[in-house]
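Whatever order the structure lists them in is the order used to number ligands and atoms, beginning at 1.
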Amino acid sequence: MNRIQMKTPLVEMDGDEMTRILWQMIKDELILPFVELRTEYYDLGLAHRNETNDQVTVDSANATLKYGVAVKCATITPNAARVEEYNLKEMWKSPNGTIRAMLDGTVFRAPILVKGIEPCVRNWEKPITLARHAYGDVYKNSEIKVPGPGKAELVFTAQDGTQIRETIHEFKGAGVLQGIHNTEQSITSFARSCFNYAVDTKQDLWFATKDTISKKYDHTFKDIFQEIYENEYREKFEALGIEYFYTLIDDAVARVMKAKGGFIWACKNYDGDVMSDMVSSAFGSLAMMTSVLVSPAGVYEYEAAHGTVQRHYYKHLKGEETSTNSVATIFAWSGALRKRGELDGIPELCAFADRLEKATLSTIESGKMTRDLALITSLKDVTVLNSQAFISAVRSALETM
Ligand code: NAP
Ligand code: MG
């Protein structure tokens with residue numbers, strides 16, 4: 001069989017534990033037989049990050065900036081237990097954090113819809129994509145536990161020494177205080193990433209804050225989005241027949257519950273943290289979720305939204321059978337291959353990515369699935385497959401297409 005040729009390599013970021021096992025199976029069974037795969041390989045497995053003093057993570061992010069498209073396997077973020085387990089020189093930082101900081105991106109997460117896995121919200125017919133700003137606000141705060149009566153002030157000292165001063169509160173007794181910030185640069189790149197993604201996927205964009213209450217902080221987010229929209233995107237949106245829509249966060253939440261889906265919901269950092277878990281669990285499962293980091297420069301990194309599935313990996317190491325869902329990792333590969341096809345003008349590669357996704361979904365719809373889905377499906381008479389058998393079933397579906 002003639003395999004599909006590629007022009008530019010994908011940046012391949014290998015990872016850890018059960019997802020590393022799935023990674024190899026997906027490549028062997030679902031990609032290599034059909035595509036003359038070109039990748040620049042970076043091993044982000046924890047052992048190799050440790051050997052390279054985490055330089056490999058930095059190198060992989062730089063390669064992504066160079067080539068434009070990466071596909072990433074889930075990786076361990078070390079904690080004290082992992083330092084011992086892997087005998088680490090240091091508690092290395094989260095690779096996702098390092099990569100996000102270097103690519104300056106926004107993370108977009110969308111559920112993968114399939115017949116038989118119904119959203120809890122009955123009127124959601126199409127996916128809702130959540131775009132989370134990943135910098136600042138309460139995640140980079142300073143806090144004081146106020147011991148007793150006194151005056152709290154907000155003070156900004158400019159480089160020339162001049163000051164801006166606001167009274168926060170005259171405390172009559174004990175209390176709490178918090179200082180948060182964001183930057184124009186970060187909000188601007190968040191806005192551009194959201195508008196670019198809306199244009200790319202031809203979907204409406206919703207954005208919401210609490211600007212009626214937060215007249216400077218949240219209002220700045222609203223103003224930056226509006227200004228960028230008017231100056232850079234309004235024409236493109238109108239040509240595509242899509243809409244940018246701003247509202248208050250409480251109004252947005254109410255509308256989302258009544259909506260049919262099929263739009264992007266941009267959220268400030270905290271709103272995105274809370275709302276993405278609500279939206280994803282209402283749609284079914286973290287293993288049925290795509291995740292892509294999009295930078296304002298137009299660089300893309302595709303990954304699964306879940307972790308390395310440690311519990312399954314330990315079973316696998318003991319020689320026990322696992323039934324780990326590979327759908328999100330398959331979709332990370334299809335997303336990256338499709339984007340590479342678009343950028344390099346290889347329609348066959350885009351068509352292959354479509355077929356791979358279709359084969360995966362039709363396998364589930366025919367009643368063959370991993371245990372996590374079997375537990376929540378509305379389909380009758382399903383067959384629970386192990387990790388390898390599910391991927392083999394997708395291969396069979398792909399071959400008959
Ligand atoms: P996890 O890997 O997402 O797994 C938590 C549980 O969710 C699993 O034990 C399993 O439940 C279920 N699950 C998740 N993905 C599944 C899949 N594909 N198929 C079937 N079931 C799935 O989270 P974790 O165990 O808390 O974290 C493990 C490691 O992943 C940590 O070291 C963490 O640092 C890392 N992590 C990495 C990323 C990333 O790289 N993007 C994200 C999150 C966490 P059952 O055990 O009940 O079957
Ligand atoms: Mg969270």
Side-chain angles (χ1 to χ4, degrees), residues 12-23 25-26 42-50 54 56-57 60-61 70-86 88 91-101 103 105 107-109 111-112 114 117 132 134 273 276-277 280-281 283-293 301-318 320-333 335-336 360 363-364 368-377 384-391 394:
E12 177 183 352
M13 305 170 173
D14 207 346
D16 288 300
E17 299 194 312
M18 200 59 213
T19 40
R20 188 178 178 100
I21 309 284
L22 298 177
W23 193 258
M25 290 179 187
I26 291 168
Y42 293 87
D43 181 3
L44 266 55
L46 186 50
H48 193 241
R49 275 182 275 151
N50 190 53
D54 210 23
V56 65
T57 307
S60 73
V71 56
K72 181 180 172 292
C73 182
T75 47
I76 293 168
T77 297
N79 54 17
R82 299 297 200 167
V83 172
E84 201 172 318
E85 181 183 357
Y86 284 81
L88 300 181
M91 199 185 293
W92 305 110
K93 280 193 265 180
S94 151
N96 289 325
T98 303
I99 294 165
R100 269 173 218 163
L103 303 186
V107 179
F108 295 87
R109 291 202 163 157
I112 299 164
V114 57
I117 311 292
R132 175 182 170 187
D273 186 354
S276 70
D277 280 17
S280 66
S281 58
F283 269 110
S285 154
L286 256 192
M288 296 295 286
M289 184 70 86
T290 62
S291 181
V292 58
L293 174 73
E301 185 232 303
Y302 293 82
E303 56 170 12
H306 58 77
T308 60
V309 211
Q310 181 180 18
R311 205 180 65 80
H312 295 206
Y313 180 60
Y314 288 161
K315 275 177 72 178
H316 171 83
L317 287 182
K318 281 193 270 173
E320 291 171 30
E321 193 175 82
T322 60
S323 181
T324 314
N325 189 331
S326 47
V327 173
T329 308
I330 294 172
F331 273 63
W333 276 99
T360 307
T363 301
I364 298 170
K368 293 177 216 152
M369 59 190 76
T370 45
R371 178 160 294 110
D372 58 316
L373 295 186
L375 290 172
I376 57 171
T377 185
V384 178
L385 298 179
N386 67 35
S387 309
Q388 177 74 63
F390 176 75
I391 290 171
V394 175

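- Atom CG in Leu317 sits 8.5 Å away from atom CD in Glu17 (nearest 0.5 Å).
- Of all atoms in ligand 1, numbered sequentially from 1 with element shown, those under 4.0 Å from a heavy atom of Ala74 are 40 (O).
- When all heavy atoms are compared, the tightest approach of Thr363 to Phe390 is CG2-CE1, 3.9 Å.
- Counting heavy atoms under 4.0 Å from ligand 1, residue His306 touches it through both backbone and side chain.
- Protein heavy atoms are found inside the 4.0 Å sphere centred on atom 36 (N) of ligand 1.
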Open item on the list: side-chain contact (heavy atoms from CB on, under 4.5 Å), that's the test. Do Glu303 and Ile99 meet it? Break it down for me.
Closed with: CA-CA 12 Å; Glu303 56 170 12; Ile99 294 165; over 6 Å; no

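- With respect to atom 28 (C) of ligand 1, the closest heavy atom belonging to the protein is Thr308 OG1, 3.4 Å.
- The closest non-hydrogen atom to atom 8 (C) of ligand 1, taken over Leu286, Thr75, Val309, comes from Val309.
- Heavy-atom proximity to Ala287, at under 4.0 Å, picks out these atoms of ligand 1: 17 (C), 18 (N).
- Distance check: Met91 CE to Tyr86 OH gives 15.0 Å after rounding to the nearest 0.5 Å.
- Side-chain contact between Asp16 and Arg49 is present, with heavy atoms from C-beta onward closer than 4.5 Å.
- Set against the non-hydrogen atoms of Thr324, the atoms of ligand 1 under 4.0 Å away are 17 (C), 18 (N), 19 (N).
- Using a 4.0 Å cut-off to heavy atoms of Asn96, the atoms of ligand 1 that qualify are 39 (C), 40 (O), 41 (N).
- Note that the CD1 atom of Ile364 and the CD1 atom of Ile112 stand 8.0 Å from one another [nearest 0.5 Å].
- At a 4.0 Å heavy-atom cut-off, ligand 1 does not touch Arg371 at all.
- Proximity of atom 12 (C) of ligand 1 to the protein is not indicated, since no non-hydrogen protein atom lies closer than 4.0 angstrom.
- Put simply, atom 43 (C) of ligand 1 has protein non-hydrogen atoms near it, under 4.0 Å away.
- Between Tyr302 and Thr290 the shortest side-chain heavy-atom distance does not fall below 4.5 Å.
- Residue contact check: Gly307 has heavy atoms under 4.0 Å from atoms 1 (P), 2 (O), 3 (O), 30 (O), 36 (N), 37 (C), 38 (C), 42 (C), 43 (C), 44 (C) of ligand 1.
- When hydrogens are left out, the protein atom nearest atom 45 (P) of ligand 1 is Arg311 NH2, 3.4 Å; that is the closest non-hydrogen contact.
- Residue Lys72 approaches ligand 1 through these ligand atoms, each under 4.0 Å from one of its heavy atoms: 40 (O).
- Comparing Leu44, Asn325, Asp372 by heavy-atom distance to atom 19 (N) of ligand 1, the nearest is Asn325.
- Atom 31 (C) of ligand 1 has its nearest heavy-atom neighbour, among Arg82, Lys315, Glu303, Gln310, in Arg82.
- Side-chain contact between Met13 and Pro95 is absent, with no heavy-atom pair separated by less than 4.5 Å.
- In this model, no donor atom of one side chain and acceptor atom of the other lie less than 3.5 Å apart for Asn96 and Ser94.
- Here the CD-CG distance, from Glu320 to Asn386, works out to 13.0 Å after rounding to the nearest 0.5 Å.
- Within the 4.5 Å cutoff, the side chain of Thr370 has no heavy atoms near those of the Thr324 side chain.
- To the nearest 0.5 Å, the span separating CG on Asp14 from CG on Leu44 amounts to 8.5 Å.
- For atom 48 (O) of ligand 1, a protein heavy-atom neighbour is found at a distance under 4.0 Å.
- Ligand 1 has an N or O atom lying under 3.5 Å from an N or O atom of His312, backbone or side chain.
- Nearest to atom 34 (O) of ligand 1 among the protein's heavy atoms is Thr77 N, 2.9 Å.
- For atom 6 (C) of ligand 1, the nearest protein heavy atom lies 4.0 Å or farther away.
- Note: Gln310 CD to Arg82 CZ = 4.0 Å, rounded to the nearest 0.5 Å.
- When distances from atom 24 (P) of ligand 1 to the protein are checked, no heavy atom turns up under 4.0 Å.
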